[in-house]
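Within every chain, numbering begins at 1; the chains are lettered A, B, ... in the order of the sequence lines, protein sequences first and strands thereafter.
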Amino acid sequence: MADTIDILADLTPEQIEAVTHVDGPLLVLAGAGSGKTRTITRRVAYLVSVGIAPVNILAVTFTNKAAGEMRQRVGELLTFLPGRQRADVTVATFHSLCARLLREFAAAAGLDPSFNILDGSDQAKIAKLALDRAGISAELLPPARLLSAISKSKNRLQLAEQFAAQNTDFSSRNIARAFAAYEQLLKENKAVDFDDLLLRMAMLLRDNAEIRTQLQDRFQYILIDEYQDTNHAQFLICHMLALKHQNICATGDPDQSIYGWRGANLGNILDFEQHFPNAKVVRLEQNYRSTKTILKAASALITNNVQRKNKSLWTNNEQGALIKIIFAADEREEARNVARELRDMFDKQKMRWDEMAVLYRINSLSRVLEDSLMEAAIPYQIVRGTEFYARKEVKDALAYMRLLVNPSDRVSFERIINVPTRGIGPGSVDRIISFAQEKQINLVEACRHAQEIGGLTKKAAAAAVLFATHMAACRAEFSSLINQAEDSSVENIDGAEFSDDIDDADAPVPDFAADVDVNEPFPTVSASSQEEEIGLDGAIDADEIQNPDSSRGKSRSLHGVAALMDRLLRLFKLIDHDKREAEEVERVNNLLELINVAAEFTTQNPTGTLTEYLEQVTLVSDVDKLKDERGAVTLMTLHAAKGLEFPLVIMIGLEEGTLPMSRSFAKSGRDDTDMEEERRLAFVGMTRAKKRLILTGALSRMTRGYGESRNPSRFVAELPKDCIELFDAFRQSRPAGSPGFRDNVQYYPRRPQGLPSVTPDTLRGSTTSTAAFHRGMLVRHPIFGVGRVEEYFENGDNSKAVIDFRKVGRKTLVIAFAKLERLDAGS
DNA sequence: TGTTCCGTGTTTTTT
DNA sequence: ACACGGAACA
């Protein structure tokens, strides 16, 4: 029926073996860069081509981005199928798959189908509350330690009770009590954490034979990617799903296991053949990605791990350049070295910015780097922890939606009941919450009856009632989007409950709200048009928002979640038009962007509910949002880089204490499991590089304000001498026993004092006159956008200006390199 | 009640 | 050095 020629085109014999193995367990041990993604994608297509129904195929990936890409590629390969069926293959991450199934089987899992999924910061809040409730001080048991203990326990499918039974020492008894309080709080909030998604799914499969059989028959062919990073709960889930039909295909690479700290169990992949007898094993050892030099160095490094299955990667690629190793005096100089190397690659090797990446062990290392990249006018994008969905205004807006779906969500309620400030202080909030608990009603319901709550000020009570009224209005208007919450609380709902006519009668929009034009949507902004929306005086034009695009003819109307969000922002006045500071402009832009995300969601998912939307935004990770941004260097952690590749990779912070991290130093008498994971992390980083690899470090690094002296990483010393060239800033002798560079040391030319780090070559093309700047004038920077000059220091070629950029805040720039464009004369 | 300022802890890595 | 939470003030 299908064109299997196409599906098997340009695959190696080993890859074909993996692709065409249809029935029975299969383990694909795929070395770095061995074409694994391609192999499993083709395998899905192959299964369909031999007549297996797409609905019976489940592919589990590590990130949502990987899932999206696979869905797309599989779709492209399945052109022989009608479009409708192409989308029937389930491609998901473990977490999103479990979330989906737990909603489907909520009753059996003992969950409310509209449960919230807590993100990291919500989890931390709950942990603090739990400690509070259990009467344990945060210094006796730090919230982070509690959370890690809970997470470990849940990975083993143990809840508070079993934890208490198994651990009886003093510290564990405290943890057990806090754990129980934590679980109680989750229940009250109708919330689950990330680990719960896995644990509850595993328990459901274990305890409910009927559902287990049903899902086994639904997912007859299962593919699991990045199998080396699965934890015990995930193992149990795939094991139970695959038990009946035994068609499980696991792919992974033990040498790339870097999530042991999160409970990943290397035994899952190492013992696959014991778990699934008669498993076929295919090894992919040819590397298509890197040069011989890079591959040789990475292989040499990983050979130092003892707990390891031997494996030899090889490649037909060119020999390639030596790996540069550059050590600097301190982290600022290291950052300048990085900027110069990037610039060189761009200027001399004609490499595009988006072909380069800088990788580091911990997020905090990106700070200095950003400064020097800005100074050198190198465009970059950062994939990091504090990003879009962690922004306060974004979390606030999402909390409104969560509360709408789930009026018992205390975390969201506490977050936004007084945002924007409406006179309901902490005391009033406590009273409302207690009232809700007493009367066994949800929090929004409690607000509706605020007049009956003793101890509230008139203002607070009125505000609470109004809040409830607005919530009810939204709920009514968008009932078709929100239905799941009703499902659980109302028995045998008839359709009329959700019909439109109930809106006005049940929950009228209060009159006073008429001053907000609730029917006029915000303009949706695309990234490119955002700049235009910002007036030169630094504030978004309120009229632009209120009367969007009438002049452009087509007035776009918002649908689905985007429309709901738009309504929420207006109804609850989440955008303050009076504040006209740069900060507020950014807030507004973030919220507009959030509307865009919602609109996008509705486009891709026309029948998507609010719950599904919220789930998506909670489960996306940083890497998922990594855009293929043309013309920007990518900065990210080594963990985030897994699965990616770049022609040039620069790894920074190659020091003892940073990579490897100091906590991984072998404790006396223990094995060095942690150290081996650090080595794998370095291995993953190195094998991301296709053409060029540069490793850098600093001999002194600022930590908590003061400089600490550092030694070069042992991993550098483990690289074969004929693969590397050393550059060393200083002749300093190093402490005995530290890996040193006594042989063949070339010295990096030191930068003359007082000169900027970037070579004068970079000045070519810059036509900026340094004399033309003064306080108050508006300028545009190619990367940071528009800003106002706050201070200007004239100093010849080294003139600097402090500029307050609307988007990125205040920066100090060297005029000669910053390529600033004058916008007006200022005032 | 809301805002500002100061002292404290904080840095692994993430679904 | 920085961000956050608590205390003091408006």
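- A heavy atom lying under 4.0 Å from DNA chain B marks none of the residues of residues 224-240 of chain A.
- Backbone-only engagement by A:Ser428 is indicated by non-hydrogen atom pairs under 4.0 Å involving sugar-phosphate atoms exclusively.
- If you take CG of A:Leu681 and C1' of B:dT13, they are 7 Å apart, rounded to a whole angstrom.
- Remark: of the listed residues A:Glu656, A:Glu677, A:Glu678, A:Glu678 is the sole one forming a salt bridge (charged side-chain N to carboxylate O under 4.0 Å, His left out) with A:Arg361.
- The residue among A:Gly425 and A:Thr93 whose nearest nucleotide of DNA chain B is located toward the 5' end is A:Gly425.
- The 12-atom threshold is not exceeded at CZ of A:Arg332, counting heavy atoms of other residues, nucleotides or ligands nearer than 6.0 Å.
- Here A:Glu676 does not pair with A:Arg308 in a salt bridge; the nearest charged N to carboxylate O distance is not below 4.0 Å.
- The listed nucleotides are B:dT15, B:dT14, C:dC2; the one nearest the side chain of A:Arg367 is C:dC2.
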Practice task
Could you summarise the pairing of DNA chain B as dot-bracket text, marking Watson-Crick and G-U pairs under 3.5 Å with ( ) or [ ] inside the strand and | across strands?
Solution key: ||||||||||.....
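- In terms of position along DNA chain B, the nucleotide closest to A:Ala460 lies nearer the 5' end than the nucleotide closest to the other residue of the pair A:Ala460 and A:Asp195.
- Side-chain N or O atoms of A:Asn418 include one that pairs as donor or acceptor with a backbone N or O of A:Gly423 at under 3.5 Å.
- Distance A:Arg100 CZ to B:dT15 P: 17 Å, rounded to the nearest Å.
- At whole-Å resolution of the value, CZ in A:Arg680 and C1' in B:dT12 are 16 Å apart.
- Heavy atoms of A:Asn418 sit under 4.0 angstrom from primed sugar atoms or phosphate atoms, though from no base atom.
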Exercise for the section: Go through the steps to decide whether A:Glu226 and A:Lys642 satisfy the test salt bridge (charged side-chain N to carboxylate O under 4.0 Å, His left out), and finish with yes or no. Expected result: CA-CA 10 Å; A:Glu226 308 285 11; A:Lys642 189 166 83 156; 3.5 Å; yes
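- Of the candidates C:dC2, B:dT13, B:dT15, B:dT15 carries the atom nearest the A:Phe194 side chain, counting heavy atoms from C-beta on.
- Distance alone, capped at 3.5 Å, is enough to place a donor-acceptor pair between the A:Asp409 side chain and the A:Ser412 backbone.
- Atom-to-atom, CE of A:Met675 to C1' of B:dT13 comes out at 15 Å; the value is rounded to the nearest Å.
- Between the CD1 atom of A:Ile150 and the P atom of B:dT15 there is a distance of 20 Å, given to the nearest Å.
- Within 4.0 Å (heavy atoms only), A:Thr637 reaches sugar-phosphate atoms of the nucleic acid but no base atom.
- Nucleic acid contact for A:Phe94: none, since no nucleic acid atom lies under 4.0 Å from a heavy atom of the residue.
- Taking atom NZ on A:Lys125 and atom P on C:dC4, their separation rounds to 11 Å, with Å as the unit.
- Rounded to an integer number of Å, the gap from CZ of A:Arg422 to P of B:dG2 is 11 Å.
- For A:Lys642 and B:dT15, the NZ to C1' distance is 11 Å, given to the nearest whole Å.
- A donor-acceptor contact closer than 3.5 angstrom links the side chains of A:Thr251 and A:Asp225.
- With B:dT12, B:dT11, B:dT13 as the candidates, the nucleotide lying closest to the side chain of A:Met661 is B:dT12.
- Residue A:Asn363 places at least one side-chain N or O under 4.0 Å from the OP1 or OP2 atom of B:dT13.
- Rounded to a whole angstrom, the distance from the P atom of C:dC4 to that of B:dT13 is 15 Å.
- A distance of 6.0 Å or more separates the ring centres of A:Tyr400 and A:Phe413.
- For A:Arg701, the salt bridge (Lys or Arg N to Asp or Glu O under 4.0 Å) test picks out A:Glu334, A:Glu655, with sequence neighbours left out.
- Atom NE2 of A:His639 and atom OH of A:Tyr259 lie 5.5 Å apart (nearest 0.5 Å).
- Checking B:dT12, B:dG2, B:dT11 against every side-chain atom of A:Thr421, the shortest atom distance belongs to B:dG2.
- Using a cutoff of 4.0 Å between basic side-chain nitrogens and carboxylate oxygens, A:Asp229 and A:Arg262 are not scored as salt-bridged.
- Taking a centre distance below 5.5 Å and an interplanar angle below 30 degrees as the stacking criterion, A:Tyr259 does not stack against the six-membered base ring of B:dT14.
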